[in-house]
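In what follows, residues are counted from 1 in the order of the sequence shown.
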Amino acid sequence: MRNSNIKLSRGFTLLEMLVSLAIGSLVIGVAVQVFARSMAATWIVSQKSEMLQVALAAINLLNKDTRLAGAGMPTGGVALTSGTGTSPVYGRDYTGKSYLGPNNNTPINFPTQTVGASTIPYLYGVIPGCSRGIQLNAAKGPTDIITIVYGDAAFPLSNYQVTFNDVNGNSVTFTSTNAADAAVNNPGVGLKQGDLVLFQAKLGNGGAATTGYAIAEVTAAAPAGGGPTYTVLFGNADPLLLNQNAGTAGDLKQIVTTVGAVSPGAFAKRIWMITYYLWNQPNPSGAGVPTPVLMRQVNGRVPVPVAENVADLRFTYDTYDTAGNLLNATCDGGQSIGVNPNQIRTINVTHLTFRSQLPGARSILGPTQGYQSLDVQNSVSARNLSFTQRYQ
């Protein structure tokens with residue numbers, strides 16, 4: 001007799017298992033692709049966000065300096081020391097180390113004007129450096145540098161009485177006329193080695209008539225101690241070659257000769273000469289590709305980094321004649337823009353190119369992704385370069 005309560009049971013057939021395996025593999029494959037693409041998109045967004053933050057910080061600093069170009073400086077620029085056959089330079093710090101040129105190891109001569117039979121170096125509110133930097137891309141050629149100059153409006157050096165301690169002006173004593181002024185040797189805002197000081201000679205009723213200017217480099221800042229007097233050295237043959245006792249024009253000796261030893265025949269103020277350039281920072285391990293860094297040098301101080309992974313830096317300049325006619329809007333690919341820097345009115349950042357710190361992560365779907373990039377452009381009209389007093 002048969003037992004009717006026996007239940008039949010069975011598993012999956014081979015066909016059912018194959019179909020299930022195929023569907024499962026397909027779902028997993030799609031999930032992996034979605035995950036990989038999400039990770040790649042996240043990487044790109046993260047890199048772009050990081051580059052954008054760095055780019056905004058860098059361009060804001062560059063814009064701040066550019067807008068002030070020429071502020072507090074004599075109209076038309078300042079003649080530097082001449083007559084020795086040795087031209088002053090920039091792009092070198094107070095230790096004598098140089099940072100510009102194709103290998104980040106040379107200084108650059110200041111632009112010149114021909115006055116009669118003399119060739120005189122000049123300091124302008126903006127000094128272009130077309131193709132004067134390092135080369136990161138052979139197809140694009142050397143990168144640009146730019147130097148911006150303006151007066152220091154924060155430290156009131158002009159409030160101090162000036163005393164020249166020798167005929168060459170190599171030693172100058174500044175005496176406070178206002179106890180509230182910051183000290184010349186203040187570690188935060190005071191004069192430091194490598195700083196530039198603009199001296200102005202004054203003659204006439206009440207010292208109102210100006211007779212000349214000279215720019216000198218601080219070779220030894222005032223020692224520690226209280227005021228009201230502070231002695232600062234402007235030694236001969238400084239690293240920037242602005243202090244040349246043998247000079248026949250544009251140097252402190254001419255100021256001393258003109259006004260005598262003690263103010264009010266002369267007054268002084270610090271100026272900022274700021275150079276932006278790219279530097280190939282070596283890999284700490286000594287191997288691998290160097291990291292291109294945007295650098296900012298102030299006067300003859302040691303340069304400081306502004307942003308890493310800057311792959312390109314290029315400028316153009318809008319220049320106008322006295323009638324308002326546009327003369328030149330581009331660099332000529334050489335050492336100048338082909339016109340007097342005093343005619344520059346607008347500074348255009350045509351390429352400030354940032355590269356991501358790392359290439360994309362290696363994907364299971366393919367090879368490592370390339371670097372991300374971000375190119376920033378900007379244009380600044382430097383109002384202090386175009387202002388003239390029409391009502392005097």
task: Using the side chain to side chain contact (heavy atoms under 4.5 Å, CB included) rule, take L198 and Y213 through it: C-alpha gap first, then chi angles, then the decisive distance, then the call.
output: CA-CA 7 Å; L198 172 67; Y213 300 92; 3.9 Å; yes
Considering only distance and modelled atom types, tabulate donor-acceptor pairs under 3.5 Å from the side chains of residues 228-235, sequence neighbours left out.
residue, atom, partner, partner atom, Å
Y230, OH, G227, N, 3.2
T231, OG1, T173, OG1, 3.1

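- Side-chain contact check for T112 and T119: no donor-acceptor pair (N or O, by modelled atom type) lies under 3.5 Å.
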Working for side chain to side chain contact (heavy atoms under 4.5 Å, CB included), residues Q297 and I274: CA-CA 6 Å; Q297 184 183 21; I274 300 170; over 6 Å; no
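- Checked by atom type and distance alone, the side chain of Q281 never pairs as donor or acceptor with a backbone atom of P305 at under 3.5 Å.
- In this structure, D238 has no salt bridge (Lys or Arg N to Asp or Glu O under 4.0 Å) partners at least two apart in sequence or on a different chain.
- Residues V89 and R92 come closest through the heavy atom pair CG2-NH1, 3.9 Å.
- T106 meets the side-chain contact (heavy atoms from CB on, under 4.5 Å) test with no other residue; sequence neighbours excluded.
- Annotation: side chain of L191 is not in contact with side chain of N185 (no heavy-atom distance under 4.5 Å).
- By the salt bridge (Lys or Arg N to Asp or Glu O under 4.0 Å) test, D181 is found to be paired with no residue, residues two or more places apart in sequence or in another chain being considered.
- T177 and Q161 share no donor-acceptor pair across their side chains, judged by distance under 3.5 Å alone.
- The local environment of OH in Y94 is sparse, with at most 12 non-hydrogen atoms from other residues, nucleotides or ligands closer than 6.0 Å.
- Residue pairs meeting the salt bridge (Lys or Arg N to Asp or Glu O under 4.0 Å) criterion with at least one partner in residues 54-65, sequence neighbours excluded, are D65-R296.
- Under the salt bridge (Lys or Arg N to Asp or Glu O under 4.0 Å) criterion, R301 pairs with D195, sequence neighbours left out.
- I120 is connected to I127 through a chain of hydrophobic side-chain contacts under 4.5 Å among Ile, Leu, Val, Met, Phe, Trp and Tyr, so both are in one cluster.
- Put simply, the side chain of N243 gets close to the backbone of E217: a donor and an acceptor are under 3.5 Å apart.
- A 4.5 Å side-chain heavy-atom check between Y160 and V184 finds at least one atom pair inside the cut-off.
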- prompt: Between Y99 and D93, does a side-chain hydrogen bond (donor to acceptor under 3.5 Å, both in side chains) hold up when you go through it step by step?
  reply: CA-CA 8 Å; Y99 300 94; D93 68 23; 2.4 Å; yes
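- For K269 (side chain) and G72 (main-chain N/O), a donor-acceptor pair under 3.5 Å exists by modelled atom type.
- Summarising the geometry of A201 relative to I255, their closest heavy-atom pair is CB-CD1, 3.7 Å, with the distance given to 0.1 Å.
- Looking at heavy atoms from C-beta onward, M73 lies in side-chain contact with V149 at the 4.5 angstrom threshold.
- Of all non-hydrogen atoms in A69 and I148, the two that sit nearest each other are CB-CG2, 3.6 Å.
- Qualifying side-chain contact (heavy atoms from CB on, under 4.5 Å) partners for N245, counting only residues two or more places apart in sequence or in other chains: N168, N170, N236.
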Derivation and outcome, side chain to side chain contact (heavy atoms under 4.5 Å, CB included), residues T319 and R345: CA-CA 6 Å; T319 58; R345 296 294 178 265; over 6 Å; no
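- With rounding to the nearest 0.5 Å, the separation of CD1 in I146 from OG1 in T66 is 5.5 Å.
- Of the inter-residue distances, the one linking H351 atom NE2 with F315 atom CZ reads 12.0 Å to the nearest 0.5 angstrom.
- Under the 4.5 Å side-chain heavy-atom criterion for grouping Ile, Leu, Val, Met, Phe, Trp and Tyr, V126 is not connected to V380 through any hydrophobic cluster.
- At distances below 3.5 Å, not a single donor-acceptor pair connects side-chain atoms of N104 with backbone N or O atoms of L100.
- At distances below 3.5 Å, not a single donor-acceptor pair connects side-chain atoms of S381 with backbone N or O atoms of R383.
- When all heavy atoms are compared, the tightest approach of L313 to Y277 is CD2-CA, 4.2 Å.
- At least one side-chain heavy atom of C130 sits under 4.5 Å from a side-chain heavy atom of D144.
- Residue L68 comes nearest to Y150 through the heavy atom pair O-CB, 2.9 Å, listed as atom of the first residue, atom of the second, then distance.
- When the salt bridge (Lys or Arg N to Asp or Glu O under 4.0 Å) test is applied to R314, the partners found at least two apart in sequence or on another chain are D312.
- The shortest side-chain heavy-atom distance between S82 and P121 falls under the 4.5 Å cut-off.
- Side chains of L196 and L240 form a contact here, defined as non-hydrogen atoms less than 4.5 Å apart.
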query: Where do T163 and F174 land on the side chain to side chain contact (heavy atoms under 4.5 Å, CB included) test, with the steps shown first?
result: CA-CA 6 Å; T163 302; F174 297 96; over 6 Å; no
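- Considering CD1 of I215 and CE of M273, their distance stands at 8.5 Å, rounded to 0.5 Å.
- Put simply, CG on L374 and OG1 on T353 are 8.5 Å apart, with the number rounded to the nearest 0.5 Å.
- For residues 49-70, the set of pairs meeting the ring-ring contact (aromatic ring centres under 6.0 Å, His included) definition, not counting sequence neighbours, is empty.
- Of the possible polar contacts, none joining the E308 side chain to the P292 backbone as a donor-acceptor pair under 3.5 Å is found.
- The two atoms that bring A311 and R355 nearest to each other are CB-CB, 4.4 Å, heavy atoms only.
- Without hydrogens or angle criteria, R270 side chain to G190 main chain gives a donor-acceptor distance under 3.5 Å.
- L241 and V218 sit in two unconnected hydrophobic clusters of ILVMFWY residues. Membership requires side-chain heavy atoms under 4.5 Å apart, directly or through other members.
- Rounding to the nearest 0.5 angstrom, the gap separating the CG atom in N103 from the OG atom in S98 is 12.0 Å.
- Atoms CD and CZ, on Q200 and F267 in that order, are 4.0 Å from each other to the nearest 0.5 Å.
- The side-chain contact (heavy atoms from CB on, under 4.5 Å) check on V167 picks up nothing, with sequence neighbours excluded.
- By the ring-ring contact (aromatic ring centres under 6.0 Å, His included) test, Y124 pairs with Y122, sequence neighbours left out.
- Under the rule for a ring-ring contact (aromatic ring centres under 6.0 Å, His included), the partners of F110 that lie at least two apart in sequence or sit in another chain are Y90.
- Residues N159 and S176 have side chains not in contact (no heavy-atom distance under 4.5 Å, counting atoms from C-beta outward).
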- prompt: For D375 and Q377, what are the C-alpha separation, side-chain angles and deciding distance, and is it a side-chain hydrogen bond (donor to acceptor under 3.5 Å, both in side chains)?
  reply: CA-CA 7 Å; D375 195 34; Q377 293 86 35; 2.5 Å; yes
- request: Test side-chain hydrogen bond (donor to acceptor under 3.5 Å, both in side chains) on N348 and T350 and set out the steps.
  value: CA-CA 6 Å; N348 309 302; T350 56; over 6 Å; no
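- In this structure, the side chains of P341 and P128 come closer than 4.5 Å at one or more pairs of heavy atoms.
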